[in-house]
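Have a look at the structure below, then the notes.
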Protein chains: 2
Amino acid sequence: MEPVPELACPIAPVVDLVFSRWTTPILWTLHEYGRQRFVELERRIGTITPKVLTQRLRQMERDGLVTRTYHPEVPPRVEYEISELGRSLAPIFHQLAEWSKHNLADVEKARQRYDR
Amino acid sequence: MEPVPELACPIAPVVDLVFSRWTTPILWTLHEYGRQRFVELERRIGTITPKVLTQRLRQMERDGLVTRTYHPEVPPRVEYEISELGRSLAPIFHQLAEWSKHNLADVEKARQRYDR
DNA sequence: GTTAGTAGGTACCTAGAGGAAAGTGACTAT
DNA sequence: ATAGTCACTTTCCTCTAGGTACCTACTAAC
């Protein structure tokens, strides 16, 4: 039983990448509504602040999950789109939604049982 | 384009449930090595503190992802095991590992391209 | 002249998650 | 008498993600 670092969990890197805060709502919105501008994203997600949205979009752009297109007009126009790499996560999201549909009620039941 | 709360993302609840901090290493260890005691988990994960391990295990027990069996001996013995519900996440974890295998290198390339 | 719109950037602040370290209780082994 | 085991618990502390609020440059419209 050798002491093993956290990274022994082989999915730790991808969890950090895909499931850090705000990334799934952003990815989902981009996937659902297609290419869109900063303010559209902001309004659709609703509770995110522009500062955090910028931070997350920058990181996701760096990771290759989204692409950013800047149009040097006045007022400036920037469009965000989900990349091929980002799109390749779709089956995982789908499977998560399926799991949710089938098992989230069981989680709720377990919680109520535990709280008694 | 009505303002939509964060929960418009249909997988947000399951992300909170399954991918909050330490849950995947714990679930993975339980899945890999089977039923085991508190200290075994602690040593295998390596970098987690007992306080946090207790917190996370309690929460996962409440959510029905793990089961806890207490043996009132001296010294006390407690065994943790992954539940049926927890085991039902296995395909998702598998798919994440597959995605990781095929696409994590692309992420690394995207990062290097971005940093130039 | 001033308001609105756009895509952010910057400075400051706070709450809360998580880490470090020590303690606990009941017993055993040396 | 002392040390060790186990499964935590408690206290204290730090760090940082995220929030608030304000600022930028530029133009069109009123």
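We name chains A, B, ... by the order of the sequence lines, and we start the count at 1 in each one.
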(message) I want to check one thing: is the phosphate of dA7(C), taken as OP1 and OP2, less than 4.0 Å away from some side-chain N or O of Arg37(A)?
(response) yes
(request) Indicate whether OP1 or OP2 belonging to dT6(C) is found under 4.0 Å from a side-chain N or O atom of Tyr70(A). (result) no
What pairs of nitrogen or oxygen atoms, one from the protein and one from nucleotides 12-19 of chain D, lie under 3.5 Å apart?
residue: dG18(D); atom: N7; partner: Lys51(A); partner atom: NZ; Å: 3.4
residue: dG19(D); atom: N7; partner: Lys51(A); partner atom: NZ; Å: 3.2
residue: dG19(D); atom: O6; partner: Lys51(A); partner atom: NZ; Å: 2.3

(request) Take the protein atom CD1 of Ile26(B) and the nucleotide atom P of dG18(C), then report the distance between them rounded to whole Å. (result) 11 Å
(message) Whole angstroms only, please: what is the CG-P distance between Leu57(B) and dC8(D)?
(response) 8 Å
(message) Nearest whole Å is fine: how far is dG19(C) C1' from Ile45(B) CD1?
(response) 15 Å
(request) Give the rounded distance in Å between these two atoms: CD of Glu40(A) and P of dG5(C). (result) 15 Å
(request) Write down the distance between CD (Gln59(B)) and P (dC8(D)), rounded to a whole number of angstrom. (result) 16 Å
(request) With Arg44(B) as the cation and Tyr33(B) as the aromatic partner, state whether NZ or CZ is under 6.0 Å from the six-membered ring centre and within 45° of the axis. (result) yes
(request) Could you check if a side-chain atom of Leu96(A) sits within less than 4.5 angstrom of a side-chain atom of Phe19(B), using non-hydrogen atoms only? (result) yes
(message) How many whole angstroms separate atom CG of Leu53(A) from atom P of dT6(C)?
(response) 14 Å
(request) Look at the aromatic rings of Tyr80(B) and Phe38(B) and report parallel, tilted or perpendicular, splitting at 30° and 60°. (result) tilted
(message) Please confirm whether the shortest side-chain N or O distance from Arg68(B) to OP1 or OP2 of dC8(D) is below 4.0 Å.
(response) yes
(message) Between Glu79(B) and Arg35(B) (salt bridge meaning N to carboxylate O under 4.0 Å), is one present in this structure?
(response) yes
(request) Taking Ser83(A) for its side chain and Gly64(A) for its backbone only, find out whether a donor-acceptor pair lies under 3.5 Å. (result) yes
(request) Send over the distance from Phe38(B) CZ to dT5(D) P, rounded to a whole Å. (result) 16 Å
(request) Answer yes or no: does a side-chain N or O of Tyr80(A) lie under 4.0 Å from OP1 or OP2 of dG8(C)? (result) yes
(message) Any salt bridge linking Lys101(B) with Glu98(B)? Criterion: basic side-chain nitrogen under 4.0 Å from a carboxylate oxygen.
(response) yes
(message) Which heavy atom of Thr23(B) sits nearest to which heavy atom of Val18(B), and what is that distance?
(response) OG1-O, 2.6 Å
(request) Not counting sequence neighbours, list each pair that qualifies as a salt bridge (Lys or Arg N to Asp or Glu O under 4.0 Å) and has a residue in residues 54-66 of chain B. (result) Arg111(A)-Asp63(B), Asp115(A)-Arg62(B)
(request) If a protein heavy atom is under 4.0 Å from the base, mark B; if only from the sugar-phosphate, S; if neither, -; do that for nucleotides 22-30 of chain C going 5' to 3'. (result) -----S---
(message) Let me confirm one number: the CD1-CZ distance from Ile48(A) to Arg43(A), rounded to the nearest 0.5 Å.
(response) 14.5 Å
